[in-house]
Each structure stands twice: as C-alpha cells, then as structure tokens.
> 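Can you read through this structure? Questions will come right after.
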Amino acid sequence: MGDEKPKFLIKGGKRLDGRKPEDVRPIQIKMGVVPNADGSAEVIFGKTRVIATVYGPRELHPRHQVINERARVRVRYDMMTFSVEDRKRPGPGRRETEISKVLAEALTRVVITEKYPTRAIDVFVTVVQADASTRVAGLNAASLALADAGIPMRDLVVSLSFGKSYDEKGQGHMVVDLEKEEDNWGMGDIAYAVAPALGEVLLLQMDGDVTLEEFKKGKTMADKAALEIYEMQKRALKARYEEGSK
Amino acid sequence: MISEIISNLELSEIRDAVEANKRLDGRKNDEFRDIKIETGVIAKAEGSAVVTMGKSKVIAGVKISVGTPFNDRPNEGVLMVNAELSPMAHNTFEAGRPGEVAVELARVVDRSIREAGVMDTKKLCIEAGEAVWIVNIDFYPLNADGNLFDAGTLAAMAALKTAKMPTYDKETKILNRENMKNAVPMDCTVVASTFAKIGDKMVVDPTMHEEYASVARLTVGIRDGNIVALQKGGNGGLTSEQIDDALTRAIKHSKNLLKHIK
C-alpha cells in the first residue's frame, strides 16, 4: 500500500482526502487519558493518533543530568510497533532520538523550568497510529499533558506540518497538515510549532525542495491554522478544568 | 548533550560583540570563518576530505561496499551518513554510543544530502533485489569549535565528489578496490549554513563558545537556490522574521560555499 506514486496530490484545488490546501484534518483532543500520569492527553489528526503523558516534576536520574538552576524537560518520543504499515522495531531508533531532542527543546521554552531546580519533567510521546505528522500531533499532546499536570507554562505549544504537493500538471502548491500520501510523495515536509502568545517558532524541521517564497507562503498558512489549533487546545483545557471541579 | 560552563563574563562579551556586529574573532555577524578543503587525504577510503573552518576541523571518508537492498526498494542502493563525536576532538565529547547530539548532527547532514537529490540511489543498483551499492559517508570532527553541521556537510560533499567506485563481479561476487576509476554518480551539490541566535541577532557559522551563548540554532540546506533541509535546535524560539532573515542569507552564502567544492 502507498507504493505507487499517485498522479496528483491536488486536483481542482482539492487534496486526495477532499481538503483544501489550508485545511487541517479533523482534530480531536482527549484529556486525562492515562489516569496514572500526572498529566496526559491524546491528540488525533485524521488517522494519526498520539498519546502524551507527563510525570513530574520528580527526582532526576541519572544524577549527572541534573541542572542546578532549573528543571530538565526530557522527552521520549516512540512509535508503537503496529502503528505503521511495516512493523516498527520496538524502542527508539535514531529518528526517534532526534525527534525527542527537538520536542524537548520546544517544550523547554514554554515550561517555567526555573520553578523546579534540579528536577525532571518527563514527557512520553507515544504514537499509537501513524498517518504522517506524528511529531507535531505529539507536540500538541505534550503541551496539553504538561498543562494537565499543572506545570506552570509561559504559553502552549501549537504544532502542525506544512508542505508542498503537486497537482495534475505537476505544479507545486503549499498545503497544511500533511497526511501519509502527501508526506511520502510530496515535494516538501515541514514540521512546525509556534508559541502564539510569545510570537516564537519553537520547532522547524524540513526535508524537501521549496523556494523561499513558497516557504513563506506555507508558513503564513500554517500560522493561521495554528491559531485554530490554539483555540482547540484552550477549549480542551477549560473543559477539563470544569469537569475536574464537578 | 554538549555543554560546558563558560564564564558569565565571556557570555556577555560574546553578546556585546554580536550586538556591535564585530564578533570576538573579528568577524561580522554574516561572515563565515576561512574555509579550507583538502581532498584525497585517506588512501584506504574511496573518497575523503578534510574541511577546516577556523578552528573547527572535520574529516569525512566514503566507503563503498555491496549489500542487499531494502525489501521495499529492491532496485535502489543505500546512502548513509554517520557522525562520530569522538572524545579526541573536544573535552565534552564522551566515548560510547552516539548521543542525541551526534545523532542529530548526522541526520541533519544526511537530510541535506538526501533531500537535495545529490545521489540517485537507483543508479546504485547492481542487480534488483540481489545486490546494490552501499555508500557510507562517515565524518569525525578532528577539532570541534562549533558549526559542525556546515563543516560536516562540506566534508561529506567534498569526499563524495572525489570518491571512486570499486568494481564488482556479479558471477564471482568479488568486490575489487584496485584501479578505481569511475566517479560516484552524483546529480547536484548541496551546502548548509547554520545560524546561532545570540541576543536577537542571527549569527552565521558560530564558534563553539558562540553556540554556548546562543539560545537557538537554525541550519539551512540549499541546493540551486532552493531550501531542501531545515533544522532548528536549542531551547529558545525564533521569530518569523529571524527565520526569513536566515533563509535569505543562507541562499546568498550557498554561492560562496559551493565554490569550495567545485
């Protein structure tokens, strides 16, 4: 499945799944999905499903990783073996190690780490079902799980992918929130995250081939879509608090 | 994690210098260090290069062997980039399995080369499903003083450009590295420019101490004036303007960088 290159990813302004270039897939947010964790959230982007759990602030082991002035935010991103077409070997490989690093960096910017010197805040991002854009779905889930854990934050992290898809004439168009076919066959795949209130980009990774103008256009589209996701995150958190006070 | 305590005094010196657009080594914020490339430095490797960028020095070697293709790509060879942060090159590098810093470094260099389409792996097929060429590019800092991303990319490209293919006899399955003549099939060249955010300025080609003083990093891979790879690192954020500024400058720098690997 998915081995044949499709003739087009966009036709008549519509993408393979019927979306317009600026549309994200249906997004669902479920809070508190793992009761054992200090905070947790599941984020679903179309067929991509990711659960994030937070444990901490807690004692940090191994001790040599301790930072005296602040907490260390650690992320372990991993995929379940059956989340992808061909079984993934269990445990994080090089790809997962890199993703964990950039996710931890993005989250460190928003967590008020100075509140918890020497402690660890551990975030586990687990891909349950992968249909592209798993790291960005995971980053939204991680942001929500941290807030759910009651960890003080400067802002939420809002994340999505954008990229470049070709139409029936081979012409490239910028699109947001790539699904699997677009990720596999598209002309660019960009993982992006912003902290809207801080006005900062916290995640930016790309592979592909785009011009500067195309990149800027895609970024503007992604910024717009990010504001919608930001509102969804806030609504999910408010609903969680209301539920908690009952 | 690469981290070393540098004094607050030096941190503020670095920041002030960047603010004044005159860095501690005399460079402007948009200036690379002097770059020197030597190729063919390792007789045993199919291709090799040493890149010197200021005090950063990186050696890359290409080894080519024959292996079986991946099941899902029976008619494609394999190109792999690996980085080893050996403890020989800096007092913060530790022996043992590659940590996240080394993994990120290798994957970002790999990303530029792969996404630019430097090598069409279909040209590395010997017999579909049976035998393909496996091209390994490994690089090691010989002395680490920052910006290993760009030095590593240059070293990998220079090593590939000078690499020669071994020959392989399908019948006897013997790989022969005598009298290698043919160049490795390459379609284009990619270069990378890395920026460190110090204060609110984007500084190209940071030294290691400038990296310590920075809050975020952006590596930009450029081929033919197009952006083919990006990687942000670091615990700080970038504004949209800072990103656009870095991309524009990376496109400009790519022309000069390319001259070094012509």
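Proteins get letters first, then strands, A, B, ... in listed order; numbering begins at 1 in each.
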> Looking at chain A, which one of B/Ala229, B/Ala250, B/Gly237 has the largest number of heavy-atom pairs inside 4.5 Å, strictly under?
B/Gly237
> Top residue by heavy-atom pair count (under 4.5 Å) with chain B, among A/Leu107, A/Val110, A/Leu203, A/Asp207?
A/Asp207
> Looking at B/Gln242, B/Arg114, B/Arg223, B/Glu115, which makes the most heavy-atom pairs under 4.5 Å with chain A?
B/Glu115
> Tell me, do A/Glu179 and A/Asp131 make a side-chain contact under 4.5 Å, heavy atoms counted?
yes
> Tell me, side chain or backbone of B/Ile251 under 4.5 Å from chain A's heavy atoms, or both, or neither?
side chain
> Please look at A/Val102 and chain B and tell me whether the side chain, the backbone, both or neither of the residue comes under 4.5 angstrom of a heavy atom of that chain.
side chain
> Please classify the contact between A/Asp223 and chain B as side chain, backbone, both or neither, with a heavy-atom cut-off of under 4.5 Å.
side chain
> How about A/Met206 and B/Gln231: do any of their side-chain heavy atoms sit closer than 4.5 Å?
no
> Taking B/Asp145's backbone N and O only, do any of them form a donor-acceptor pair with B/Ser56's side chain (distance below 3.5 Å, no angle check)?
yes
> At a heavy-atom distance under 4.5 Å, which candidate from B/Val103, B/Leu238, B/Val108, B/Leu247 has the highest pair count against chain A?
B/Leu238
> Scan A/Val157, A/Val73, A/Val123 and name whichever one has a side chain to side chain contact (heavy atoms under 4.5 Å, CB included) with A/Val111.
A/Val73
> Counting heavy-atom pairs closer than 4.5 Å to chain A, which one of B/Gly221, B/Gly233, B/Gly236 comes out on top?
B/Gly233
> If we define contacts as heavy-atom pairs under 4.5 Å, which of A/Glu200, A/Lys101, A/Arg109, A/Lys216 has the most with chain B?
A/Lys101
> Under a plain distance cut-off of 3.5 Å, with no hydrogens placed, do B/His209 and B/Thr207 share a side-chain donor-acceptor pair?
no
> Is B/Leu218 in contact with chain A via its backbone, its side chain, both, or neither, using a 4.5 Å heavy-atom distance?
side chain
> Can you confirm whether B/Asp138 sits close enough to B/Lys63 that some side-chain heavy atom of one is under 4.5 Å from a side-chain heavy atom of the other?
no
> B/Thr248 versus chain A, heavy atoms under 4.5 Å apart: side chain, backbone, both or neither?
both
> Is NZ or CZ of B/Lys252 both nearer than 6.0 Å to the six-membered ring centre of B/Phe32 and within 45° of the ring axis?
no
> Taking C-beta and beyond as the side chain, do A/Ile121 and A/Ile151 meet within less than 4.5 Å on heavy atoms?
yes
> Return the option, out of B/Thr239, B/Ile243, B/Val215, with the maximum number of heavy-atom pairs under 4.5 Å with chain A.
B/Ile243
